[in-house]
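See structure below.
By convention in this document, chain letters (A, B, ...) are assigned in the order of the sequence lines, proteins followed by strands, and residues within each chain are numbered from 1. Below, each value reflects all heavy atoms present in this structure, side chains not excepted, and no hydrogens, waters or symmetry copies.
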Number of protein chains: 2
Amino acid sequence: MGISERKLRHKADLKKEILTAARELFTEKGWESTSIRNIAEKIEYSPATIYLYYKDKNEIIFDLHREGFRLLVNYLDVLKGVKNPFERLQAMGRAYIRFALENQDTYKLLFVMEEPMQHVASCATMDWDEGDKAFNLLMNTVQECQKQGHFTNLQTINLSFVIWSTMHGLCTLRTSGHLGHVSLVRNSNHNLDDVLTAAYEEFVKMLEQLNN
Amino acid sequence: MGISERKLRHKADLKKEILTAARELFTEKGWESTSIRNIAEKIEYSPATIYLYYKDKNEIIFDLHREGFRLLVNYLDVLKGVKNPFERLQAMGRAYIRFALENQDTYKLLFVMEEPMQHVASCATMDWDEGDKAFNLLMNTVQECQKQGHFTNLQTINLSFVIWSTMHGLCTLRTSGHLGHVSLVRNSNHNLDDVLTAAYEEFVKMLEQLNN
DNA sequence: AAAATTAATGAACAGTGTTCATTTTCTTGT
DNA sequence: ACAAGAAAATGAACACTGTTCATTAATTTT
């Protein structure tokens, strides 16, 4: 019976509409100031209706969280064409920074906010597929670098975590405004993104020195 | 006239009482769930009274922010006795991690939340003394290391920013729960703080390789 | 057409930061 | 000691927030 299927489809559509409205409000105002009532108003339904499709606000947040990860993996996946693993590692870093700067609120959603992680923790299968996928992407590249003589005396996992941390630190200190308030940076004429890039290039230099 | 002085003193006392109440509620429940009404209840005044001493919630946050920085500098200042600059740099990293883990909410207040930084930005003198002081502590140590032959081909500012970023990334990925949800870490029997320490030690190894 | 099921909502609850007219308290001058 | 004036404290309100639930509206099935 195609009728009940249409109903189901409509139900799915409405869920998508909610998510789309949430995503739009989120990207233009940030999550802090996106309320259930805002979302409801945007899709022209009552606030209570949203709770028929999402258990609570965190469930919406988590759906956007997964979308964001797909976007990040897109930024990184383009680079699998780069054959030289060390060059690929560098390009991944640059892509990571580009992602963080072009999608600041999404970046915060993925790697700063604790709510989506709490949702992962409360799931029966406590797996964080999206995070694992991205981290493995990094670890595999590091491992390939090691096969070619880079970082040979360092442990893959530890080094990968250090690299991730450095990238994460660079991006968050930039976007949270902390970097911009260090007077040495503020009085240096350089714009913030140049400072960030310069620091990243210095980090690459550091990695280059860790051969054989 | 000692009487009006006592009044002033009492006024200062009440401001301190507010801050103390805020600090206590903050450390036991986190900032998210500390409301003006909570603070007011704790000091047995009406909520409106608080606004006679603090312009808004962000001003309270900023006072705690400065307190937190004094605490951090205490963690780091103890190490000025370490004569060897590279050893001191290592010890500073360990102290930084200890500070972040022992004062997780305070750490978030200092380096993750954007509100205190916005307050800095809105001040007439846009200086961020606390941040500058801490960053200079790091930069001076890096510079001393360079004088002794470490990191000679790297720029002091860039390297300092990279080191800060790495430490910040390590600490925030740990405390936000993101590290703990990477399955490679979750399935490894090691507790999270050991993973963090191992990664930090690996980072020190990296720095060690950047001599001459 | 009536009954049963599903979808949507209005209204309420308990909470938030913040403002302001009003009241209470304290200080000063007579 | 008492009235006048200044300072401090407050109650009540405003415009929000996430969330729940009994009630109403729409749709499907009998």
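Spacing between atom CD of Glu59(B) and atom P of dG17(C) amounts to 15 Å, rounded to whole angstrom units. Regarding Glu41(A), its CD atom lies at a distance of 16 Å from the C1' atom of dT9(C), rounded to whole Å. The separation between Tyr54(B) atom OH and dA8(D) atom P is 16 Å, rounded to whole Å. Glu17(B) has its CD atom 10 Å from the P atom of dA9(D), to the nearest Å. With rounding to whole Å, Tyr53(B) atom OH is found 18 Å from dT18(C) atom P. Distance CD (Glu32(A)) to P (dG17(C)): 14 Å, rounded to an integer number of Å.
Note that the CD atom of Glu202(B) and the CD1 atom of Ile163(A) stand 10.5 Å from one another [nearest 0.5 Å]. The CD atom of Glu28(A) lies 7.5 Å from the OG1 atom of Thr34(A); values are rounded to the nearest 0.5 Å.
When side chains are defined from C-beta on, Thr156(A) does not count as touching Phe151(A), because their heavy atoms never get closer than 4.5 Å. Two residues are said to be in side-chain contact when any heavy atoms from C-beta on lie closer than 4.5 Å; Tyr54(B) and Lys15(B) meet this criterion. In this structure, Cys171(B) and Ile97(B) have side chains that are in contact, with non-hydrogen atoms separated by less than 4.5 Å. Inter-residue side-chain proximity for Asp129(A) and Phe69(A) is flagged as unmet; no heavy-atom pair is nearer than 4.5 Å. Contact of the Phe62(B) side chain with the Val120(B) side chain is registered, since non-hydrogen atoms from C-beta on lie closer than 4.5 Å. The side-chain heavy atoms of His178(A) and Trp128(B), taken from C-beta on, include a pair separated by under 4.5 Å.
For DNA chain D, none of the residues of residues 20-31 of chain B falls under the heavy-atom distance limit of 4.0 Å.
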Checklist outcome for this item: Expected string for nucleotides 10-23 of chain D under the B/S/- scheme (protein heavy atoms, under 4.0 Å, primed atoms plus P, OP1, OP2 as sugar-phosphate) is BB-B---BBBBB--

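Rounded to 10 degrees, the angle separating the terminal helix axes of the helix from dA1(C)-dT30(D) to dT25(C)-dA6(D), each built from five base pairs, is 30°.
Ring planes of Trp164(B) and Phe135(B): tilted class, angle from 30 to 60°.
Ion pairing between a basic and an acidic side chain is recognised when a charged N comes within 4.0 Å of a carboxylate O; Glu144(A) and Arg88(A) show such pairing.
Ring centers of Tyr200(A) and Tyr96(A): at least 6.0 Å apart, outside the cut-off.
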